[in-house]
Amino acid sequence: MRAVGTVHSGYVIGAIDARLYGSFVEHLGRAVYSGIYEPDHPTADANGMRQDVIDLVRELDVPVVRYPGGNFVSAYNWEDGIGPREQRPVRLDLAWHSSESNHVGIHEFADWAEAVGTDMMLAVNLGSRGLDQARAFLEYVNHPGGSYWSDLRRKNGREEPWGVKMWCLGNEMDGPWQIGQKTADEYGRLAFETAKAMRALDKSIELVVCGSSSPKMPTYPAWEATVLDYTYDSVDFISLHMYFDNHQGDTASYLAQNARLDDYIATIAGVITFTKAKKRSKKDVYISFDEWNVWYHSRDADRQVLEGNDGWPHAPALLEDIYNFEDVLQVGCILNTFIRRADVVKVGCLAQLVNVIAPIMTVPGGPAWRQTTYYPYLFASHYGRGKALQLALDCPGYATDFADNIAYLDVSAVETEADGALTLFIVNRNQTETIDLDLALEGFGSRNVVMDKVIEGHGLRDTNGPNQEPVAPKDGTGAEVKDDRIRAAIAPLSYRMIRLGR
Ligand code: AHR
């Protein structure tokens with residue numbers, strides 16, 4: 001089987017915002033407690049943060065991390081997490097039926113963010129609370145001093161403001177599971193007023209308004225049209241969320257699901273364009289895809305805690321999906337979709353980062369380890385920054401019940417500013433056949449293969465664990481550039497990244 005096409009350095013889809021490769025840490029399960037924070041762990045730093053986790057996050061080079069939720073934020077009092085630790089209240093977290101010790105709050109998270117070299121993206125509670133607490137939190141975090149909340153921050157040990165740029169106006173406010181769920185009109189008004197107050201306090205911030213929590217929501221996509229009608233000129237991003245599953249055990253259909261992601265993005269891009277025209281607005285609003293991942297392996301295991309049968313445990317194991325090789329291919333396809341829509345999707349957050357549907361797992365008191373999906377995320381984060389390029393590719397495909405022609409090869413192309421390298425991210429969804437990729441390279445000058453990494457040859461259900469990580473990249477072979485064409489044999493069910501340098 002062959003796939004023939006062209007990539008041209010002048011056919012630019014858009015500049016990739018580095019924040020496309022962000023992630024998310026929620027007070028949920030063991031993401032924070034025994035995830036990033038474990039004061040008794042042998043590697044714990046002076047702040048009680050696990051150094052082994054810090055090292056893995058640094059390796060991923062995560063540009064931004066969303067915090068503290070997620071569903072958690074919709075009944076969270078951020079003030080519970082400031083001041084002396086021993087005086088902080090234990091609260092019942094209604095979203096995840098857990099106890100929250102508040103031993104980690106904004107100061108501890110900010111120190112951790114600094115240690116891993118990432119920016120914070122903070123969410124305010126528009127579920128159980130509203131405008132007033134949102135402005136207080138912003139004042140605490142971003143105002144230099146001389147006011148009640150900023151001086152309290154200084155008293156609590158942080159002299160300089162953190163200067164957090166991105167702020168989420170609540171989380172998944174369309175969801176019936178959300179504490180303080182709202183109709184689109186209720187939320188649109190509240191988000192508008194909150195944005196007005198927050199901007200009055202700090203003009204430098206970027207605001208993210210909630211879109212649909214999934215394209216399966218009955219209110220999608222009218223929700224976005226209504227919410228943007230209220231907020232278009234007051235916000236910078238609309239947030240979308242999507243999780244992927246293979247409950248049916250149907251690999252072909254599972255690996256085609258990024259076609260649905262494509263539709264979701266295209267639809268909301270259309271709503272944005274429509275609203276911009278309706279408002280006669282000059283400004284653009286972009287998509288912040290601030291929750292996405294595979295999420296299904298752990299669903300049954302979580303019922304006990306979520307239905308309240310375990311009482312209110314502190315940091316129970318929740319959403320601890322153990323990812324397999326099939327999920328590597330899925331995550332590769334999702335990242336490719338974001339790169340191909342880099343014109344409208346500017347921010348992305350892999351949900352989440354540690355222990356909770358995460359690329360990094362920890363054993364309390366023991367090692368931190370890399371899940372299978374760590375690698376496509378790592379490669380995209382390292383080599384997927386620059387300009388997203390339009391590819392023309394003629395590749396055989398297959399049909400699923402939701403799309404007619406899913407090309408077997410899912411490919412994205414990025415030209416990196418720093419070294420001018422062209423990187424191809426390739427997933428072969430064909431389960432039995434190698435595909436000979438043959439791409440004409442136009443406008444790049446002379447090129448060589450400078451890096452070739454592949455994840456292939458594993459069973460679809462193969463996983464990694466704390467003691468061994470068999471699903472990992474190795475060097476690819478046989479790719480070559482000749483006569484301004486790159487040719488490579490792409491193995492069935494494989495993830496491949498080929499970099500062409502000068
Ligand atoms: O990431 C897990 C949860 O998924 C988040 O808390 C919520 O926003 C979404 O429904």
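When a ligand or atom number is given, it counts from 1 through the structure's own listing order. Side chains are part of it too, since the values below use all heavy atoms of this structure and drop only hydrogens, waters and symmetry mates.
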Pair S74-Q178, side chain to side chain donor-acceptor pair (under 3.5 Å): steps then yes or no: CA-CA 7 Å; S74 293; Q178 207 66 221; 2.7 Å; yes
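- Among W162, Y67, W167, W149, the single residue meeting the ring pair (Phe, Tyr, Trp, His ring centres under 6.0 Å) criterion with F137 is W167.
- Residues satisfying the side-chain hydrogen bond (donor to acceptor under 3.5 Å, both in side chains) criterion with S214, sequence neighbours excluded, are absent altogether.
- Listed by first and then second residue, the salt bridge (charged side-chain N to carboxylate O under 4.0 Å, His left out) pairs involving residues 353-377 are E59-R370, R370-E469 (not counting sequence neighbours).
- Atom NZ of K453 is separated from atom NE2 of H382 by 12.0 Å, given to the nearest 0.5 angstrom.
- Residues lining ligand 1 at a heavy-atom distance below 4.0 Å are given as F24, E26, G70, N71, W96, N171, E172, Y243, E291, W295, L319, Q352, I357, ordered by chain and residue number.
- For Q133, there are no side-chain hydrogen bond (donor to acceptor under 3.5 Å, both in side chains) partners two or more places apart in sequence or in a different chain.
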